[in-house]
Amino acid sequence: MKKLNSYILLISISFITLGCNSTKNSGNNELVDEIDIKVEELIKEMTLDEKIGQMNQYNGFMDFTGPTPQNGFEAVKYENIRKGLVGAMLNVHGVENVRAVQKIAVEETRLGIPLLFGFDVIHGFKTISPIPLAEAASWDLEAIKKSAQIAAEEASAAGINWTFAPMVDISRDARWGRVMEGAGEDPYLGSLIAKARVEGFQGVDLTSEKTLAACAKHFAAYGFAEAGRDYNTADLGTSTLYNTVLPPFKAALESDVKTFMNGFNILNGIPSTGDAFLQRDILKGKWEFDGFVVSDWGSITEMIPHGFAKDGKEAAKLAILAGSDMDMESYLYVTKLAELVKNGEVDEALIDDAVRRILRVKFELGLFDDPYKYCDLERETATIGKQSFHDEVLEIAKKSIVLLKNENNLLPLQKSGQKIAVIGPLAADKTSPLGSWRIGADDETAVSVLEGFKKYNSTNQISYAKGADLILNKPLFTTELEINTSDTSGFGEAIQTAKNADVIVMVLGEHGFQSGEGRSRTNLDLPGVQQQLLEEVYNVNKNVVLVLQNGRPLTINWASENIPSIVVGWHLGTQSGNALAQVLYGDYNPSGKLPMTFPRNVGQLPLYYNYYNTGRPVEPAPNQVFWSHYIDESNDPLYPFGYGLSYTSFEYDQLEVTNKFSENNVVEILITVKNTGNTSGKETAQLYIKDLYSSVVKPVRALKGFQQIELEPGETRTLQFLLTEQELGFYDNSGNWVVEPGTFEVFVGGNSKAILSKQFEI
Ligand code: BGC
């Protein structure tokens, strides 16, 4: 196929220009210039040790307000802050603590450079939003942005000025526990969500005390951990790197994200922390990123066990050469860099460049004007947990819920005259719904499903039985969970409760700490004795609504075949139970769509909708084996990407494609959507394309647009989508953006299996 060379040129020029602007789009160039001058002046004052100090980030301890530690590593950290050898802390929060540490940096060091305070504000600080994967299911970019905004407002009131979010890693493997922290499997949706989250955290004014510097992580390909095992090798092709992994990072950059974090993984044999191709050539080179890159926790020293660096000194050298500006918790920059500079192995210009980047962010946050701007006790008290945050996280929680199945309209529940049994190990749990990255929140602060039902304004009779425990030890963020695999002693009570009910709401799934970092699984069934409990309850009463609480796609084949109604309730955060009650009663008609494929079988993983066709995609004749398939499982997912039902139904019709590409580079697509049910509802109309043949093979289909519409019963609306070079082009294997002529097929519908299609040529 012949390439459209003029397009390549044109697009790569605009691509570069865009990159340029994006790094300086603080909206005020004078301010940027002024900051640059101040940074240069400050750097001139700094000794080599002080510069390296800025590149050092320590994990905190929470007794900064107590007596100064005398021994151990805490004493060293304390002393180093005092010597000006620390640029940032993490995990120090609360106004009193932050103020106490900031005071040392500002008042006791020679130059008084304020510290950054980083924290994993991933889905809320104290008031917890749905996990990011759940929020992605809302496909509601404004709501996602709002959620990041309130997280920033609350966290910044507790002294924090930098969040390690958003995680924009695309992942296709539900075994990887960190899928809960991302936006799912699709780079198009993932890029829009990356933008929404960065804009939410950083706002339009980074100097506002209600915003935080954001961090796009983990650069890059951490989400491709082999076999879904956390921290594992990523080995992927160039086309996937450019077209799937990098776009959400680019989107974050174009939204002016201030920092990037590299990762624990190796990519093509190079640890991303020591990868100059990723950090220097792409990020700081081609993309012209002018913020700074922080390592992941200890990822500089981890280059030793990776077999990349011989020792700590070499690890520090490789990391700085590759473009890692700040060392989080490896202690190697602060101990090795000065020597490396002095003996000529590292050019001091590289240190200056890193420090320049770090100081610029501090200036942009306004920390030099007021280092205590996030340290207002009154604001902290008035802000943390305020009612409006609860109202807002409730809204986003409702939007995140996905209805997978609803036979015989068992849902919505009636508001009176029903006896409802709430059953399951997670039904009354007030901690698990907070999810995994909720380290600023207190245990037992989520509204449980049981509470949600009891508080809901209905005259129904609500009964409850736990049925069984899911976890036998105290669930903690850092330690292994002990799953109950044998104790069924509570089944009897659950079965009795089920027998006496009209409808059973069964709350099963994963504990909040079963997904997240270090929580990979090889089996995605309902853990422990929950499947058995579900089947035994179903045996005595078939009117079961299964409410899943999950941090990732699960294999729920039996439930999918037998249980009439299934709702994906994720880990929805503080307002979890209220959101679920309101959706199950029909006050909010479910509108979520899966941002990640639900497999039938773990053996299918990685499984994703935008795969490449093989040369043998279909069965050539009955019973022939030589085609790309499994002999013991279908190739199809249980529920595809983009899937989600409503209490009403939608029909897509009259797909029209008007190809004006040769005149004004636009293909116009019109589609009519009708609400064919009896209740109003929200639909996310999705547009996918397939490039039928091209110089680099394209996925069988790729999301290129979506629109959310609310329709009254019987209402019809015609939607217009426009495809431009932006949607029709791709990155070739050298990372150049190209648009090729050829035949495309467009599909429009309510999920990635949409069948309504038409072809066009450009
Ligand atoms: C995670 C990062 C996180 C950092 C700081 C690491 O273990 O991979 O995503 O931001 O810890 O808590």
Side-chain angles (χ1 to χ4, degrees), residues 390-391 393-395 397-424 426-430 433 446-467 493-508 533-534 537-549 559 562-569 572 574-592 644-649 675-682 710-714:
H390 284 267
D391 298 344
V393 299
L394 173 60
E395 285 314 301
K398 287 187 281 189
K399 291 174 175 176
S400 305
I401 293 167
V402 184
L403 179 65
L404 292 183
K405 191 178 169 194
N406 193 21
E407 239 169 45
N408 308 325
N409 293 332
L410 185 57
L411 291 174
L413 302 169
Q414 289 161 26
K415 293 189 183 173
S416 60
Q418 279 189 327
K419 285 188 280 177
I420 296 179
V422 179
I423 298 179
L426 293 168
D429 198 312
K430 291 175 60 57
V447 178
S448 72
V449 176
L450 180 61
E451 280 175 327
F453 268 83
K454 285 195 163 161
K455 275 201 297 186
Y456 188 85
N457 190 12
S458 92
T459 52
N460 284 335
Q461 188 189 312
I462 310 292
S463 55
Y464 163 69
K466 188 184 208 178
E493 188 200 356
I495 288 163
Q496 207 44 48
T497 311
K499 276 186 187 160
N500 294 331
D502 297 316
V503 183
I504 297 146
V505 173
M506 284 223 62
V507 189
L508 307 177
L533 175 65
L534 178 62
V537 165
Y538 175 79
N539 278 343
V540 299
N541 189 336
K542 309 264 179 277
N543 288 334
V544 176
V545 176
L546 171 60
V547 173
L548 292 173
Q549 296 204 336
N562 296 285
I563 299 297
S565 294
I566 305 176
V567 161
V568 179
L572 290 176
T574 309
Q575 286 293 324
S576 188
N578 288 335
L580 282 158
Q582 291 179 25
V583 166
L584 265 49
Y585 273 116
D587 295 358
Y588 183 90
N589 187 351
S591 57
L645 303 175
S646 159
Y647 295 150
T648 188
S649 50
N675 180 343
T676 49
N678 300 323
T679 162
S680 60
K682 192 197 288 176
E710 304 224 21
L711 295 177
E712 294 302 318

Closest heavy-atom contact between [X] and [Y]?
{"X": "Ile504", "Y": "Ala498", "value": "CD1-CB, 3.6 Å"}
{"X": "Val583", "Y": "Tyr647", "value": "O-OH, 2.7 Å"}
{"X": "Asp429", "Y": "Ser448", "value": "O-CB, 3.4 Å"}
{"X": "Leu534", "Y": "Ala559", "value": "CD2-CB, 4.1 Å"}
{"X": "Gln549", "Y": "Ser576", "value": "NE2-OG, 4.0 Å"}
{"X": "Val422", "Y": "Ala427", "value": "CG1-CB, 3.6 Å"}

Just wondering, do [Y] and [X] contact through their side chains at under 4.5 Å, heavy atoms?
{"X": "Ser680", "Y": "Pro713", "result": "yes"}
{"X": "Lys499", "Y": "Gln496", "result": "yes"}
{"X": "Tyr456", "Y": "Ile462", "result": "no"}
{"X": "Asp587", "Y": "Lys415", "result": "yes"}
{"X": "Leu508", "Y": "Leu546", "result": "yes"}
{"X": "His390", "Y": "Leu394", "result": "no"}
{"X": "Gln418", "Y": "Asn543", "result": "no"}
{"X": "Ser649", "Y": "Thr676", "result": "yes"}

Tell me whether [X] at atom [atom1] has more than 12 heavy atoms from other residues, nucleotides or ligands lying less than 6.0 Å away.
{"X": "Lys430", "atom1": "NZ", "value": "yes"}
{"X": "Asn678", "atom1": "CG", "value": "no"}
{"X": "Asn457", "atom1": "CG", "value": "no"}

What is the distance from atom [atom1] of [X] to atom [atom2] of [Y], rounded to the nearest 0.5 Å?
{"X": "Lys398", "Y": "Leu572", "atom1": "NZ", "atom2": "CG", "answer": "12.0 Å"}
{"X": "Ser458", "Y": "Leu413", "atom1": "OG", "atom2": "CG", "answer": "9.0 Å"}
{"X": "Ile401", "Y": "Lys399", "atom1": "CD1", "atom2": "NZ", "answer": "12.5 Å"}
{"X": "Asn675", "Y": "Glu710", "atom1": "CG", "atom2": "CD", "answer": "10.5 Å"}
{"X": "Lys466", "Y": "Leu426", "atom1": "NZ", "atom2": "CG", "answer": "9.5 Å"}
{"X": "Gln582", "Y": "Lys455", "atom1": "CD", "atom2": "NZ", "answer": "9.5 Å"}

May I ask you to decide if [Y]'s main-chain N or O and [X]'s side chain share a donor-acceptor pair within less than 3.5 Å?
{"X": "Thr648", "Y": "Thr679", "value": "yes"}
{"X": "Asn460", "Y": "Gln414", "value": "yes"}
{"X": "Asn541", "Y": "Ala501", "value": "yes"}
{"X": "Asp502", "Y": "Lys419", "value": "yes"}

Kindly list each side-chain donor-acceptor pair under 3.5 angstrom involving residues 403-412, sequence neighbours excluded, with atom names and distances?
from, atom 1, to, atom 2, distance (Å)
Lys405, NZ, Ser560, O, 2.8
Lys405, NZ, Ile563, O, 2.9
Asn406, OD1, Leu410, N, 3.4
Asn406, OD1, Leu411, N, 3.0
Asn406, OD1, Ser565, OG, 2.8
Asn406, ND2, Leu411, O, 2.9

